[in-house]
Protein chains: 2
Amino acid sequence: MKPAEINQAWNGAEKCKLCSIRHLVLFADLNEDDFQHLHHPIKEFEFKTGSTLYKRNDTIDYVYTVRSGLVKLVHYLPNGSYRITRLLRQGDLAGIEALNGSAYLQHAIAMRETSVCKIPVKNIQQLNNESAQLYKQLTVRWHKVQSEADIWLTHLTMGSSKHRVAHLLIYLAGDKANDEFFLPSREDIGALLAITTETASRIIAEFKREGLLKNQKNFASIDRLKLNSIL
Amino acid sequence: MKPAEINQAWNGAEKCKLCSIRHLVLFADLNEDDFQHLHHPIKEFEFKTGSTLYKRNDTIDYVYTVRSGLVKLVHYLPNGSYRITRLLRQGDLAGIEALNGSAYLQHAIAMRETSVCKIPVKNIQQLNNESAQLYKQLTVRWHKVQSEADIWLTHLTMGSSKHRVAHLLIYLAGDKANDEFFLPSREDIGALLAITTETASRIIAEFKREGLLKNQKNFASIDRLKLNSIL
DNA sequence: AAAACTAATTGATAATTATCAATTTACAAA
DNA sequence: TTTGTAAATTGATAATTATCAATTAGTTTT
């Protein structure tokens, strides 16, 4: 499945400067001059549900900024199953490890329609050499990776299955008050929490029966108070 | 419990240049000139088993390089239990999040006698401004944090308890062929793998009975082949 | 060395979760 | 709409793990 390439290459600077979510992304702190160093074209892509941004060990020339949608980082296991080690949302960077010249660590797959900017690593290196602004943002990103991994380990891999699912739902719902969020398939929930698909399904179904969770297709909303009360 | 301060402050550059494990640490790539920028004293400390390097939310002015020993990063949970989210060994950096001016994410506690260098964050910032060498090492460290978190999530939090313990032992044994390694308490093994102390104990005892693991007090060695065969 | 304490082990049982299988629901293609 | 296919749900049972309790081994203090 090939992603749609929304735009042709453009003169790097122009579009990035106007980006509506720039405050959220890697280039947040760049100033007018910095954009001069973007010599390699940055392109925007749409990925359909289930399509692959990159595979483990792919050539590692790009970093991806998620503009919208949801991306899972996946490890495939020898026995054919898989484990999701992280989710990426708006403003998150995928493939950040490419900056060290090491291969991508996981497969990155869109869980729903997802829009990304594909940034050549060379741009980043160039910016790093010419300007100190980017370095700061980069360490902020690394830091976020670390603290998220930590949250994951602390809350999403321990306790009963019910606790884990509750934590995941709260995580997925994010900060926004009553908004709907994307509810992953039961298989993905299992892969996220290290439980079986069936167990994930049972718990989600139970939550729905008890009114902790409502959904229309893949979109859901939670009753935060009730969910928190079972933690 | 106060750590022993082995050395008084010294002229930063001199001792670091001669450090026997410099090839493993943050300053690996620095050249003669770079050391001029270490204006703040770097001190070496010894921590006894169970003593605390830093606590979550402590003032965040230092980064720690582990010279020898073993450090656990711990999250204490509301119910009084705890979860270990990472282990740090020789060459690893503790408190790397201090570089972003954010608070430490966890408590760092020595699991055995541990020797560390305490590096003022100001040194790092200064080096970053004056030289590009350090940036590279830093991203390598961040990257290592990420990939270790990943390994943790993929192997140490899924599968049966027996699988997890086996994976942990192999991780602890590291690369060195037949060397002994520090075997954590059963409670710590539980906190590392999200299983109970009793389950950890049962499995360790079983491994010992079956000859997969030998130990003298806290030091153990494994039969790699046999352990791998149960994965 | 004896006493006191802590960590490790083991046993019995209850609770949880995985497994295997069947059924129902949702979705997409014809 | 009908048909085919995949996903979600549910049931029954087996396996695993937690829990509670007791015992043994190991360490430290007196």
Side-chain angles (χ1 to χ4, degrees), chain A residues 1 48-50 72 77 79-84 109 111-113 156-169 182-210 212-220 230-231, chain B residues 1 48-50 72 77 79-84 109 111-113 156-169 182-210 212-220 230-231:
Chain A
M1 200 180 319
K48 293 239 172 72
T49 302
K72 59 182 174 184
L77 300 171
N79 66 7
S81 68
Y82 63 96
R83 182 90 162 87
I84 299 175
I109 298 173
M111 295 177 79
R112 50 175 296 197
E113 332 72 71
L156 267 14
T157 67
M158 68 177 305
S160 68
S161 297
K162 204 183 277 191
H163 276 71
R164 295 193 211 178
V165 174
H167 267 296
L168 176 64
L169 292 175
F182 179 83
L183 183 67
S185 73
R186 306 305 172 266
E187 190 182 11
D188 276 352
I189 291 176
L192 279 159
L193 302 177
I195 59 180
T196 58
T197 304
E198 292 93 332
T199 298
S201 176
R202 276 183 235 274
I203 294 169
I204 291 288
E206 186 189 331
F207 282 176
K208 286 198 278 193
R209 277 192 296 270
E210 294 172 352
L212 308 189
L213 175 74
K214 290 191 204 314
N215 76 312
Q216 310 254 349
K217 299 186 56 176
N218 289 322
F219 290 90
I230 72 162
L231 290 186
Chain B
M1 200 181 318
K48 294 238 171 72
T49 303
K72 59 182 174 185
L77 301 171
N79 66 8
S81 68
Y82 64 96
R83 182 89 161 89
I84 300 174
I109 298 173
M111 296 176 78
R112 51 174 296 198
E113 331 74 70
L156 266 14
T157 66
M158 70 177 303
S160 69
S161 297
K162 205 184 278 194
H163 276 70
R164 296 193 209 177
V165 174
H167 268 296
L168 176 64
L169 293 175
F182 179 83
L183 184 65
S185 73
R186 307 304 172 268
E187 190 182 11
D188 276 352
I189 291 175
L192 280 159
L193 303 177
I195 59 180
T196 58
T197 305
E198 293 93 331
T199 299
S201 176
R202 276 183 235 275
I203 294 169
I204 292 290
E206 186 190 332
F207 282 176
K208 286 198 279 192
R209 277 193 295 272
E210 294 172 352
L212 307 190
L213 176 73
K214 289 192 205 311
N215 76 312
Q216 310 255 349
K217 299 188 57 175
N218 289 321
F219 291 90
I230 72 161
L231 290 186

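Each chain gets a letter, A, B and so on, in the order the sequences are listed, and its residues count up from 1.
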In whole angstroms, the gap separating C1' of dT16(D) from CD of Glu206(B) amounts to 13 Å

When rounded to whole Å, the CD1 to P distance for the pair Ile204(A) and dT17(C) reads 14 Å

Quick one: is dA7(C) close enough that its OP1 or OP2 comes under 4.0 Å of any side-chain N or O from Ser185(B)? no

Answer whether the closest heavy-atom distance between the side chains of Thr157(A) and Leu156(B) falls below 4.5 Å. no

Non-hydrogen side-chain atoms of Phe207(A) and Asn215(A) separated by less than 4.5 Å = no

Met111(B) atom CE is separated from dA7(C) atom P, nearest whole Å, by 13 Å

Atom CZ of Phe219(B) and atom P of dG26(D) are separated, to the nearest Å, by 17 Å

If you look at every strand shown and take non-hydrogen atoms under 4.0 Å, does Ser201(B) touch a base, only sugar-phosphate, or nothing?
base

With the side chain defined as heavy atoms from C-beta on, Ile195(B) is closest, among dT9(D), dA18(D), dT17(C), to dA18(D)

Check: Can you check whether Thr49(B) reaches Glu113(B) side chain to side chain, under 4.5 Å on heavy atoms?
Finding: yes

Does either side chain, that of Arg186(A) or that of Thr199(A), offer a donor lying less than 3.5 Å from an acceptor on the other one?
no

note: Leu193(B), atom CG; dT16(D), atom C1'; distance rounded to Å ~ 15 Å

Asn218(A) atom CG is separated from dA6(D) atom P, nearest whole Å, by 17 Å

Ranking dT10(C), dC27(C), dA18(C) by distance to the side chain of Lys217(A), first place goes to dC27(C)

Between Leu231(B) and Ala166(B) the two heavy atoms that sit nearest each other are CD2-CB, 3.7 Å

When every non-hydrogen atom of Ala220(B) is compared with those of Leu213(B), the smallest separation belongs to CB-CD1, 3.7 Å

Heteroatom pairs (N/O) under 3.5 angstrom, protein to nucleotides 19-21 of chain C:
from    : atom 1 : to        : atom 2 : distance (Å)
dT19(C) : O4     : Arg202(A) : NH2    : 2.8
dC20(C) : N4     : Glu198(A) : OE2    : 3.3

Considering only heavy side-chain atoms of Lys208(B), the closest of dA8(C), dT10(C), dT9(D) is dA8(C)

Checklist entry - What nucleic acid atoms does Ser160(A) come within less than 4.0 Å of, heavy atoms only: base, sugar-phosphate, or nothing? => result sugar-phosphate

With sugar-phosphate meaning primed atoms plus P, OP1 and OP2, does Lys162(A) contact a base, only sugar-phosphate, or nothing at under 4.0 Å between heavy atoms? nothing

Exam field: side chain Arg83(B) to backbone Leu77(B), donor-acceptor pair closer than 3.5 Å: no

request  = Have a look at Arg164(B) and say if it touches a base, only the backbone sugar-phosphate, or nothing, with a 4.0 Å heavy-atom cut-off.
outcome  = nothing

From CZ of Phe207(A) across to P of dT10(D) the rounded distance in Å is 14 Å

N or O in side chain of Arg186(B) less than 4.0 angstrom from dT6(C) OP1/OP2:
no

When rounded to whole Å, the CD1 to P distance for the pair Ile203(A) and dT9(D) reads 12 Å

